[in-house]
Amino acid sequence: MSRIIISGASGDLGRRVTGLLLAANPDQELILTTRTPDKLADMASDTVQIRYSDYQYPEAVSDAYAGGDILFLISGLNLGRRVSEHRAAIAAAQHADVGHIVYTSVGGVQPGNPALSARDHLQTEADLRDSGIAYTFLRNHLYAEIVSNILVAPAVPSGVISQATGDGFFAPVAKEDVARCAAECLKDPSAHAGRIYEITGPELLDFHQIAAIATHVHSSPVEYKPVSEEERLAFFDAVGIPRTYDPTMPPSPDGHLWASDELVSAEVGLAQGFQALQTRHVEQITGQAPEPLAAVMERVREVRYDMIDATVA
Ligand SMILES: NC(=O)c1ccc[n+]([C@@H]2O[C@H](COP(=O)([O-])OP(=O)(O)OC[C@H]3O[C@@H](n4cnc5c(N)ncnc54)[C@H](OP(=O)(O)O)[C@@H]3O)[C@@H](O)[C@H]2O)c1
């Protein structure tokens, strides 16, 4: 049996994929690598190892994958550092003779996309192609939970969603559908070698349509008012988010380096049509249709997040 490494295992996606793999096979051998091993201590067993690793420090990742056959490389979050961090992980995979990497990329990865995060993922995809290791890219489109909890729910009291997303369309996807795709690829990687999947939800929607769904789910009128890039940047200025990534900037309370150029550039990329893609890859990979946004929004209706914790990709 192949030993699977989940790299970045303590986050939401890592936990979901770990759970799915163990549910499918309780004896599955796993190596869970994380910056915070304490958070996963209760998962350790005869077949599940917990190891410290941090993409930021190549020496802290170089031996983390030893003995693993298949790597689930969960992308990091720090714009500007992410490409070099992922290179450290790829080098560690080469060092460990890993045979296949499943990578969490993002929707809209194309040259010319203004989204700063898409540029990072495009470079890591190129690095993986050059690595000599078999790969599968999961281009995960915007999580439906982020749309529901971070972009929509905080706007319900005012009844107005304001973003620089223009009239762009996208196909938000439930996290569990993303996790199920990843688990299937990890269970049988050779069946997915060289594949580039666009992991989308079942419908292409713009924010006018999303506001209509929110009106129904929250039983409260919500409308969408597109704003310009400059207005959106001014909003983030007003809530104290720095404009431009700087490696010396202080991390936010969740330990990440957020800057409004990353957040707003993703909105502009959406407005320009880079996310306007809907596929049936979830169904093809898992045999099950993905969950519609309205169902996700209903399911997570009571969960609220502060706007400034928004993660775009
Ligand atoms: N498609 C979308 O809408 C969307 C939205 C947000 C994020 N993403 C991307 O998808 C990934 C997974 O999403 P998620 O929901 O699981 O995010 P999450 O719950 O915020 O978890 C972030 C993950 O990134 C890992 N990570 C971050 N920096 C790292 C570093 N320096 N070294 C090693 N691991 C690092 C963390 O691992 P440990 O904490 O265990 O070390 C953690 O598993 C994110 O990391 C991000 O790149 C996509």
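Sequence positions, counted from 1, serve as the residue numbers for this chain. No hydrogens, no waters, no symmetry mates; every other heavy atom, side chains included, goes into these values. Numbering of ligands and ligand atoms starts at 1, following listing order.
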Side chain to side chain donor-acceptor pair (under 3.5 Å): which pairs involve residues 199-215, sequence neighbours left out? Asp167-His208
Compute the minimum heavy-atom distance from His141 to ligand 1 and say whether it is under 4.0 Å. yes
So is there a nitrogen or oxygen of Tyr55 less than 3.5 Å from a nitrogen or oxygen in ligand 1? yes
Would you say Ile74 has any N or O atom under 3.5 Å from an N or O of ligand 1, going by distance alone? no
Same cluster or not: are Leu233 and Val227 linked, directly or through other Ile, Leu, Val, Met, Phe, Trp or Tyr residues, by side-chain heavy atoms under 4.5 angstrom apart? no
Within the 6.0 Å centroid threshold, strictly below: Phe137 and His121: no
Is Ser7 touching ligand 1 with its side chain, its backbone, both, or neither, if touching means heavy atoms under 4.0 Å apart? neither
Heavy-atom distance to atom 20 (O) of ligand 1: which of Leu138, Leu77, Val61 wins? Leu77
Closest to atom 24 (O) of ligand 1 by heavy-atom distance, out of Pro37, Ser75, Gly8, Gly11, is Ser75
Distance-only N or O hit between ligand 1 and Val106, under 3.5 Å: no
Minimum heavy-atom distance between Pro114 and Phe274, given as atom pair plus value: CD-CE1, 3.7 Å
Verify same cluster id: Leu22, Leu32 (apolar side-chain graph, 4.5 Å): yes
Got an N/O contact under 3.5 Å between Arg35 and ligand 1? yes
Determine whether the side chain, the backbone, both or neither of Ile146 has a heavy atom under 4.0 Å from any heavy atom of ligand 1. side chain
I need the atoms of ligand 1 closer than 4.0 Å to a non-hydrogen atom of Ser10, numbered in the order shown. 38 (P), 39 (O), 40 (O)
Under 4.0 Å from one or more heavy atoms of Lys175, ligand 1 contributes atoms 15 (O)
Heavy-atom count check: over 12 atoms from other residues, nucleotides or ligands less than 6.0 Å from Tyr57 OH? no
With heavy atoms of Gly76 as the reference, note each atom of ligand 1 found under 4.0 Å away. 27 (C), 28 (N), 47 (O)
Backbone, side chain, both or neither: what part of Thr34 comes under 4.0 angstrom of ligand 1, heavy atoms only? both
Applying salt bridge (Lys or Arg N to Asp or Glu O under 4.0 Å), run through Asp127 and Arg87 and close with a yes or a no. CA-CA 7 Å; Asp127 291 341; Arg87 283 180 177 157; 2.7 Å; yes
Under 3.5 Å between some N or O of ligand 1 and some N or O of Asp54? yes
Please list, in number order, the atoms of ligand 1 under 4.0 Å from a heavy atom of Leu142. 3 (O)
Ring centers of Phe170, Phe207 separated by less than 6.0 Å: yes
Any chance CG of Asp42 has more than 12 other-residue heavy atoms, nucleotides or ligands included, within less than 6.0 Å? yes
Residue Glu85 vicinity, atoms of ligand 1 by number, heavy atom under 4.0 Å: 31 (N)
When you look for heavy atoms under 4.0 Å from ligand 1, do you find them on the side chain of Lys39, its backbone, both, or neither? neither
Partners passing side chain to side chain contact (heavy atoms under 4.5 Å, CB included) against Glu184 (at least two apart in sequence or in another chain): Lys187, Ile285, Thr286
Around Arg243, counting heavy atoms of other residues, nucleotides and ligands shown, do more than 12 lie under 6.0 Å from its CZ? yes
